2 protein chains.
Amino acid sequence: MINSNFLSIDEEKKERILNAAMKEFAQKGFDNASTNEMVKEANISKGLLFHYFGSKKELFMFLFNYSVELFSNEFYGKIDMNERDIFELTKQSKIIKLGLINKYPGIFEFMQSAVTEASAKVKDEMDSMKNELVSAGFNKVFENIDTSKFRDSIDASKVLKVIEWTFEGMLEQELRKARFLNKKVEVEKLYDKADEYIEFFKICFYK
Amino acid sequence: MINSNFLSIDEEKKERILNAAMKEFAQKGFDNASTNEMVKEANISKGLLFHYFGSKKELFMFLFNYSVELFSNEFYGKIDMNERDIFELTKQSKIIKLGLINKYPGIFEFMQSAVTEASAKVKDEMDSMKNELVSAGFNKVFENIDTSKFRDSIDASKVLKVIEWTFEGMLEQELRKARFLNKKVEVEKLYDKADEYIEFFKICFYK
DNA sequence: ATGTGATTGACCACTCTGGTCAATATTTAT
DNA sequence: ATAAATATTGACCAGAGTGGTCAATCACAT
């Protein structure tokens with residue numbers, strides 16, 4: 001009887017709980033994350049958290065599963081697998097990322113801190129989760145990119161890296177700016193900015 | 001009589017203490033950082049840490065001062081202020097960054113977490129430190145870049161951003177790789193890789 | 001031997017921990 | 001209107017960990 005009906009509760013409350021827990025885990029790691037802080041931030045009672053999840057460890061593993069599932073559903077649901085244009089693909093993947101961050105502000109920080117989590121109390125479970133993940137085999141999407149439009153004199157693999165780093169850097173910049181102003185990044189704005197750089201790149205890289 | 005003669009102790013021991021403390025503060029923030037963890041990691045006794053720094057708060061402020069001073073000394077000491085070539089400048093600044101990370105693995109994480117530190121116990125001190133820093137006026141170095149070599153059809157400000165994001169992404173990639181293999185990034189390797197991308201960029205951006 | 005400064009770690013009063021569970025509030029069925 | 005069922009609370013617990021202290025020990029120069 002683990003987190004039985006948590007998934008069917010009020011959406012807003014659910015997000016409050018998930019976000020509070022992810023934020024706390026991401027900030028302090030498993031051992032130092034405080035369930036008291038989580039319930040304070042989520043505005044629920046201590047008892048309710050443990051009613052839903054049983055223990056801190058189960059909460060942590062649920063969160064990790066939930067995050068990974070959410071991410072892969074969003075990613076493979078929204079991305080167009082037949083798209084061979086590198087710009088469209090990169091743009092799509094960053095927009096998906098932004099959408100998730102807007103809904104769950106700490107989700108990527110949490111996932112990253114979870115895979116590098118060192119606490120002995122969750123090591124075994126995390127190791128087997130990670131094994132499952134690598135054998136699932138991510139990111140075949142970027143494998144059959146159309147490189148025929150690029151100028152012959154330039155190295156296509158470098159083009160791909162530069163595009164990836166540029167859009168990641170752009171997203172990070174916008175996230176920092178938004179965090180500073182205490183707002184969310186507007187997807188539209190990022191879209192326009194991305195398009196600007198795509199035009200720029202076409203001038204630089206295309207024949 | 002604050003941290004009296006700490007600066008003159010054995011260099012290796014000094015680094016052990018600084019690194020342990022920066023790591024702990026960066027990972028958990030001021031309130032949740034444990035001085036017990038620090039002395040365990042640095043392999044010194046509890047008493048010695050407090051003999052040098054008096055209190056957790058003084059240790060934190062000392063670390064921040066020390067980091068900022070170190071960074072600005074390295075930066076303005078090593079960077080060639082007359083260099084107007086964007087590639088040389090960016091390469092230099094990333095090499096300086098790598099050098100510091102190799103010596104103090106957690107220094108940038110610590111500085112970043114320190115400026116965003118929310119604990120009430122250090123808020124006042126950090127606020128005045130931050131004010132001092134902005135009035136010092138950083139980063140005039142990248143202001144008089146020579147853009148005359150760029151093709152006229154492309155936007156110079158975008159070129160600068162792409163270069164910055166590319167080199168930052170490259171450094172991050174190498175750091176992750178090194179962390180995974182439990183090694184340090186070799187400065188030489190990064191140098192070569194940076195040069196490869198500089199050649200690539202010259203083909204793309206130059207007339 | 002003696003003096004001196006560097007270094008130790010057991011100890012303190014106190015806060016916070018994950019988790020429990022009887023009590024209460026709220027919703028649903030009759 | 002009542003009863004039954006479910007959702008939610010928060011005071012409470014034993015134990016762990018906290019920043020900081022200080023008498024005692026160590027290493028070494030004279």
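Because the structure is predicted, anything quoted here is derived from the model rather than measured.
Between the side chain of A:E186 and the backbone N or O of A:E188 there is no donor-acceptor pair closer than 3.5 Å. When atom types are taken as modelled, the side chain of B:K56 and the backbone of B:F30 share a donor-acceptor pair closer than 3.5 angstrom.
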May I have the step-by-step check of side-chain contact (heavy atoms from CB on, under 4.5 Å) for B:Y197 and A:W165, ending in yes or no?
CA-CA 13 Å; B:Y197 275 83; A:W165 287 330; 4.0 Å; yes

Report task. Apply the test side-chain contact (heavy atoms from CB on, under 4.5 Å) to residues A:I198 and A:K202: give CA-CA distance (whole Å), side-chain angles for both, the deciding distance (0.1 Å), then the verdict. Result -> CA-CA 6 Å; A:I198 288 175; A:K202 281 180 178 167; 3.9 Å; yes

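Atom NE2 in B:H51 sits roughly 15 Å away from atom C1' in D:dT25 (whole-Å rounding). Note: CZ (A:F60) to P (C:dG19) measures 14 Å, nearest angstrom. Between the P atom of D:dC22 and the CG atom of B:L49 lies a distance of 17 Å, rounded to the nearest Å. For the pair A:I9 CD1 and D:dA7 C1', the interatomic distance rounds to 11 Å; values are reported in whole Å. For the pair B:F50 CZ and D:dT18 P, the computed distance is 11 Å after rounding to whole Å. For the pair B:E37 CD and D:dA16 C1', the computed distance is 13 Å after rounding to whole Å. Atom CZ of B:F53 and atom P of C:dT7 are 12 Å apart (whole Å). When the P atom of C:dG9 is taken as reference, atom CE of B:M38 falls 19 Å away, rounded to whole Å.
Nearest-nucleotide positions on DNA chain C place A:N36 closer to the 5' end than the other of A:G47 and A:N36. When the nearest nucleotides of DNA chain C are assigned to A:S55 and B:N43 by heavy-atom distance, the more 5′-ward of the two goes with B:N43.
Using cut-offs of 30° and 60° for the angle between ring planes, the A:F110 and A:F25 rings count as tilted. Between B:F200 and A:F205, the ring planes lie tilted relative to each other; the angle falls in the 30° to 60° range.
Residues from residues 11-31 of chain B that place a heavy atom under 4.0 Å from any atom of DNA chain C, listed by number: B:K13.
Using a 4.0 Å heavy-atom distance criterion, B:K46 is classed as a base contact.
Considering only the side chain of A:T35, C:dG18 comes nearest among C:dA6, C:dG18, D:dG19. Comparing D:dG19, C:dA6, D:dA7 against the side chain of A:N5 picks out D:dA7 as the nearest.
Proximity of A:Y52 to the phosphate of D:dT8: a side-chain N or O atom is located under 4.0 Å from OP1 or OP2. Taking side-chain N and O atoms only, B:S45 has no distance below 4.0 Å to OP1 or OP2 of C:dT7. Residue B:S34 places at least one side-chain N or O closer than 4.0 Å to OP1 or OP2 of D:dT18.
Salt bridge B:E125/B:K57: present, at least one basic N to carboxylate O contact under 4.0 Å.
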